[in-house]
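Residue numbering restarts at 1 for every chain, and letters A, B, ... go by the order of the sequence lines.
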Amino acid sequence: MRKTAMKVGVVLASTALLAGCAAGGGAGEAGGTLYVLTNAEQILHLDPQRNYTGADMAFAGATIHRALVTYDEKGNIIPDLATDTGRTSDAGKTWEFTLRDGITYEDGSAIVCDDVKYGMSRSFATDVITDGPAFMVSYLDIPVGEDGASAYKGPYTGEGQELYDDAFKCTDDKNMVIRLNKPVIDFNGAFTLLISSPVPASADTGESYDDRPLASGPYKIETYEKGRELVLVRNENWDPASDPIRKAYPDQIVMEFALDPKVIDERIIASSGPDANAISYGIQLENLGRVFDDPELSKRAIDAYDPYSRYTAVNTKTVPCVEVRKALYYGLDRDALLTLAGGKFAGDLGDGVIKPNLPLDYKKVTGYDDLVVTGSKELATAWMDKAKTACPEVYAKATTTGLTFDYAVSDAADKVAGVWVSSLEANAGIKIVPNPIEPGQYYGIVLGDSQGDLSTAGWGPDWLNASTVVPALFTPDGGFDLSHAAEGDAEAYAEFADIVANGKAEVNREAQGALWAAGNQLAMDRVWVVPTRFGRSQYIHGTGVQGAYFWDAYGWYNLSTLSVK
Amino acid sequence: MLRFITRRLSTMVGLLFGVSIITFLLFSALPSDPAALTCGKNCTPEVIEQNRIRLGYDKPVLEQYGVFVSGIFTGRTYGSGTATFDCDAPCLGYSFNKGEEVTVLIGRALPATAQLAAGAFVLWIVMGLGIGIISALKRGKWQDRLGIGFALVGTSLPAFFTGLLLIFTFVFWIPIFPAPRYVEFDRDPLFWFLNMLLPWITLALLYSAVYARLTRDGILETMNEDYVRTAKAKGLSPGVVVRKHVLRSALTPIVTIAGIDLAGLLGGAIVTEAIFSIPGLGRLTFSAISQSDLPVIAGTVILTSAFIILANTVVDIIYAVLDPRVSIQ
Amino acid sequence: MASGNLSQGALAWSRFKRDRVGKASLTIALVIVLLAAFSPIILGILNLDAYTFYKDTLDPNTAGLPKGIGGISLTHPFGVEPGTGRDILARLLTGMQLSLLIAIVATTITMAIGVVIGLIAGYFRGIVDKFISTGIDLMLAFPVLLLILSLSNPLTQRLVSLGIPEGNPARVTYIILVLSFFGWTVIARVIRGQVISIREKEFVEASISMGAGPFRIMFRQILPNLWAPITIYGSLTLPSYVATEATLAFLGVGVLPPTPTWGAMLADSVSFFRVVPSYLFFPGLTLFAVVLAFNLLGDSIRDALDPKSIR
C-alpha cells in the first residue's frame, strides 16, 4: 500500500528468490517478540474478505488467517486448510476441496465447510464487505440480476441465498463443491486470497469484524488500537500438526503504528534493544545508498523485483482525447521519475500494465520506439498540435485550467508531482495541478466520485495470470478501473471488451496470454494509462531477525518462517 | 468575593457555550457532506442516507447542537429501531471511522498528552524563570545577552525543525537517547523518562523564551518600585531582595500565561506528538483531520477550548483569593 | 501633534543608531527582503531556475544523491536537492519570496484588524468594549493550529467557489486569511489599553467638545499616537508568521508542489540530514536568520521608541 500498490502478485524470477534464500538460513528458534514498524495509522483491513493489499495479506495470512490454499516461497500454490490444491474434472468449471483434520479457531471450535462457505458468501454483501476481491461475485455460477449485479446479495439480507447454496455446496463438514459460470483452469489461485478464509456465521459482526476477526492461524489478536499498536499473541488452539506451512516462531508480534518513516529506518539500522527484532515496509530513498553500500547493513537488507507495475491512470471521461493523452505519454520525463524512485534501485521503465514476471502474458508493447526517456518536446508538441484541431475543448482544458494529478502525499511523492508539472509544462505546454491526498484515504477517493484527471496507482497480479490484471484495470466491474475507457473511449473499448471476453473464455493458456498481451497493447495505444515503472522494493530488518526473505507472491516478508532472537 | 466567583463562573459558562456553538456551526457549515464520510469507500447513496439519519445529520444544525449538548450531560442514543447504540454521558459524539466513542478515544489519548504537557511545563518554567532571573540580575552583562539570545534562538525555530534535529543529533548521530517509541510510565519508568525528555525539550525551547523575557522584564520593573528600593537601601543582598520582594509580584503575569499555555497543550501538541510518535490527543486529532473525522475534531476542539477557559477562570479566582484588590474592579 | 511626533521619531532614530544589534538585524532583515524581492532577477543573472532538474549534478551510482558535497559547485553554490537535482539556492530564493509575501500581507491585515478593533473598544468603552473583550476571550480559547488544519480543505474549496483560482492562489489566500483571523486579538488588546489612556488626554476631550465625530477622532487624532506599539508588534508578528507558515507546510497545509517553501524544504531536508547536510543547512540557516533578525529588530525598535522600558 505504501508503494501505491494494492494487490497481490506472483514473481517467478529466480533472481529475487536468490536474494531471499541468501537472507534465509537454518531453522529458527521459537520465542521472542517480532516488531513490525509502520507509518500507517492502521491495517487497512483485517477482515479476511476485505483484505486485498499485498503486504497486509502477507501479514494476516501468515499469522491470524488461514485460507484453502496459499503460496510457498517460490510462488507455487500449496494446500493450507485444504488437503490438496483443489480438484477439477471439467477444465476448471467445478472445483472440489477437502478440509484437513484438526483445524480449529482460537476458541477451540472446529473449522467446517460451512464456515468457508459462509466466509466466501460475505463477498457478495458489497455494501458491508467493501474493498475485497470481486472474484467470487464475478465467477461463481450465480445469475446476474436486472441491475447487472449478482442476484445474491450476501448473508446479511439473504436475498438469493438459494442461488448461492446451489453454486457452493458443502457435501459434509469436510467437503465442498464450488461451481463457476465458466471454466477457469487456474481458478484455485483465487483461493489463495483470504476470501477463502473461514468465518463462522455466529462470530460475524459485519462491518466491525474488521477490528476483531476470529483467528484460524497460529496467532490471535490480543489488542488492536488504531494509531497505536496491534498485538498478536499465540493462538493456543492452533494445532501445528494441522499446519505444515506456518512455523510461528515468535511468541508475540507487535505492530507499531503511526511512526515517522525516517525514524523507522533509523531504528532498524541502529537495531538496539527490541528494535533488533524489527521489520518494516521499505527503506526511505535517502537511506538506500547508506544501507546497500555498507557491507554489514546490506547483509540484512533485501533488494527485490516486486510484483507491481506502477502507472498513472488517465481518466478518459475527463480527458476524452487520445492526442492529449499521447502528449502526456511523450512529454513526461520518466528518467527523472526513475531517479526519484531511487536511481539504480528504482527498477526498469514500464511499458504497460503487464510486468515481465508474467512470462505467458507479457509482450513488449510496440509503437513507442520513438519514446525519449527524458521526455520529448518535439513529439509532445506535435501531438498537442493535433489535439488543437481534433479535440479543442480538451486541449483548452489541458493548457489553461490544467489536469489534476491525484497522488498519495509524501515527501517523495511531492517531488514526483513536481516532475509531472515541470516536464509536461516544458515539453507539452500542459498544465498539471497536483492534488495531494492523505495516503490512507487515497484509493478510497480516487475510486470514488472525487477522482481527478490523472491518478497514480500500482497493480500486481493476484495469481500468475494477467486475467487478474487486464480486465481488473479497464473493465467497469473489474474493481480497479481508473481509466473509465468504457465511457471515455467507447469505440476502442468495444474492441477491448471483445478481447477480454475471449481471454476469459480461452482455455488454452498460451492463446489466453496472447489475448491479454493484445489487450495491454490496445490500452497503451489509446493511453488509458501512462506506464512509468516496473519497480523494485528494498527492505531492511533488525539484527535479530532470522529467516527473512521477500515473499514474491505478496510482495513482503513471509512471517511464516521468520524468527527473532 | 463570593459574588466575584459567581460572576467569573457564569462568564465561564457563557464562554463554554460560545465556543461549543461556534465549533459546531463551523463544522456543520463545511461544504463536505458529513454523512458521506461515515462509510468509507464504497458508499452507496442508501448507506449515506441511512447514516445521515442514524447520526442526526438530517436535522437542522441547531437541533443537532441541542442533541450534542444534552448528550454531554445525559448521554444519547444513536439510530432508531433495532440498530441503535448508546453513547453514555458525557457523550462527545461517535467516530464512525474509528468505530468508537469520542470520549473513549480522548480518554485513551489524554494520559500521553498530559505527561508530555506536564513534563514540558516543568522544564520550560524552570528554564524560563531561571534564564529570566539571571538575565535580570546580570542585566546588560554577557549572562543577560546569552540568556536572552538562547531564548530567542529557541523561539525562532519551528518545533518540527528543532524536534527532528534533536532526534537526528541525539538519537541517531550521537546515540545518547533511545529511538523514540512511546512506552507507558508503569511499563518501564526509566525508558519512559528517557523517551519523553527530547519532546519535553522541544516544547520547552519553544515556550521558555517568552517566560524568560516576561520574568526579566517583570523583575526589572518591580526593582524600580519604591518598596524594593527601600529594601535594597536597608542593605539586603540582591538575592534576598529578589526572593522576598520582587519575584512574587513579577511572577503574577506569568501565572496567567502559564495556565493558558498548559491548558492549550493539554489539547495536544500536534507537531511534537507526530515527530516523536506519542499517541496523544494531538496525533488523534491530526489523524482525524486527515480522515475528515468530524466528531473527533469537534470533540477535541471543544475539549481543548474548555481546558483553556477553565484554566483562565481558575487563575482569575486564585488571584482574587490571593489579592483582594482584584475583586474590586 | 505632528511636530511632537517628528522629534520623538528623531529621538528614537538616534537611539536606534546607537544600538549595534538593532542595526545589524535591520541590515540582515533588509538584505533578506531585498534578496527575496529581486529573486527573479538574481536567478536570471545566475541562470538558475527553481524547477529545472539539473540531472548531471546527481550521481547515477547512488539512489539519486548529488555528486560531491551536496552537489555544491560554482553553478550551484548551495548545492542541489537529492533525487531531483533542483538548485537549492534557486528554490530557497523563490520559496523565501512566497513565504515573506504571505507573512507581510498577513501581518498587515492582522495589524489593521487589531488596530481598528482595539480603537473601537478603547474609544467607546462600556458595552462595546465588553462585547469586544468577550469576543477576544472567546477567540483566545480556540486551539488555533488545530482549527487551521481542519478548516483548510473546506475553506480552500469555498474560496475557489468564490472565484479565487484553484491551486496555489486559493491556498495562499487561505493561509493569509487564517493567520490574520486568529492573529489580531493580541494587537487589539494592546491598542485598546493604549487608547483608553490616550482618550483621557486633553486634546481628545477638546476635540469631543468641539463636536468632532468619533471616527474622525479615532483615526485622525488617536491613531497617530499609536505608531509605536504598531511598529513594535508588527515587527514581532512578522517572524512568528514566517515560522507558522513553515510549520503549516510541514503539516501539509501549504502551497502545492513543485512551488518551493521554507517549510516543505526543511521538512524534506531533515531526512537527508546525514547524507546531504548542505540541503538542511541552507534553508535552516536562512529561516533561522530571518526569524531571529526580525525578532531582534522588534526588540530594538521597542527600546528605541520606549526608553523607559527596562532593556
Side-chain angles (χ1 to χ4, degrees), chain B residues 11 14-16 18-19 22-23 26-27 29-32 136 139-140 145 148-149 152-153 155-161 164-165 167-169 172-173 216-217 219-221 223-224 260 263-264 267-268 270-271 274 282 285-286 288-290 292 294 297-298 300-301 304-309 312, chain C residues 21 134-135 137-158 160-161 239-240 242-253 262-263 266-267 269-274 277 280 283-284 287-296 299 308-311:
Chain B
T11 316
L15 284 176
L16 281 174
V19 160
I22 289 177
T23 310
L26 218 50
F27 286 105
L30 304 188
S32 58
R139 184 182 168 193
R145 288 176 190 280
I148 293 300
L152 259 176
V153 169
T155 197
S156 294
L157 288 172
F160 76 87
F161 191 60
L164 284 173
L165 264 190
I167 293 186
F168 277 86
T169 314
F172 300 127
W173 194 19
R216 179 180 177 278
D217 292 0
I219 291 177
L220 290 178
E221 208 162 307
M223 288 276 227
N224 286 333
I260 297 172
I270 294 179
V271 174
T285 328
F286 191 55
I289 289 170
S290 63
S292 307
L294 297 185
I297 304 173
T300 41
V301 168
T304 313
S305 309
F307 279 144
I308 296 174
I309 293 168
N312 236 334
Chain C
V21 177
T134 314
D137 278 347
L138 205 59
M139 295 278 303
L140 287 174
F142 281 106
V144 176
L145 188 59
L146 212 156
L147 279 185
I148 294 183
L149 291 174
S150 53
L151 295 176
S152 127
N153 268 337
L155 284 190
T156 311
Q157 280 164 21
R158 184 144 289 190
V160 171
S161 69
S240 79
V242 172
T244 311
E245 195 266 333
T247 302
L248 289 178
F250 172 72
L251 292 172
V253 178
W262 255 319
L266 277 178
S269 69
V270 176
S271 321
F272 294 90
F273 179 52
R274 294 177 67 174
L280 175 95
L287 176 74
F288 178 64
V290 169
V291 178
L292 192 65
F294 273 99
N295 270 321
L296 287 172
D299 278 354
K308 292 192 297 299
S309 89
I310 39 308
R311 268 186 60 89

- So B:Phe168 and C:Val270, side chain to side chain contact (heavy atoms under 4.5 Å, CB included) or not? Walk me through it. CA-CA 8 Å; B:Phe168 277 86; C:Val270 176; 3.8 Å; yes

- What's the verdict on side chain to side chain contact (heavy atoms under 4.5 Å, CB included) for B:Val301 and B:Ser305, showing C-alpha distance, side-chain angles and the deciding distance? CA-CA 6 Å; B:Val301 168; B:Ser305 309; 4.2 Å; yes

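Atom CG of C:Leu287 is separated from atom CG of B:Leu157 by 6.5 Å, given to the nearest 0.5 angstrom. Put simply, CG on C:Leu146 and OG1 on B:Thr23 are 10.0 Å apart, with the number rounded to the nearest 0.5 Å.
Contacts between C:Phe142 and chain B at a heavy-atom distance below 4.5 Å involve backbone atoms as well as side-chain atoms. Only the side chain of B:Phe286 has a heavy atom closer than 4.5 Å to any heavy atom of chain C. Interface remark: B:Thr11 contributes no atoms to any contact with chain C (heavy atom separation under 4.5 Å). The part of B:Phe161 that comes within reach of chain C is its side chain, from C-beta onward, which places non-hydrogen atoms under 4.5 angstrom from that chain. In this structure, the portions of B:Leu15 lying under 4.5 Å from any heavy atom of chain C include both its backbone and its side chain.
Considering only heavy-atom pairs separated by less than 4.5 Å from chain C, the leading option among B:Ile309, B:Thr300, B:Thr285 is B:Thr285. Taking C:Leu140, C:Asp137, C:Leu266, C:Thr134 one by one and counting their heavy-atom pairs under 4.5 Å with chain B, the maximum is reached by C:Leu266. Considering only heavy-atom pairs separated by less than 4.5 Å from chain B, the leading option among C:Leu145, C:Asn295, C:Val144, C:Leu251 is C:Leu251.
When all heavy atoms of C:Ala267 and B:Phe160 are compared, the pair lying nearest together is N-CE1, 4.0 Å.
Counting only heavy atoms from C-beta outward, the side chains of B:Val19 and C:Leu138 approach each other to under 4.5 Å.
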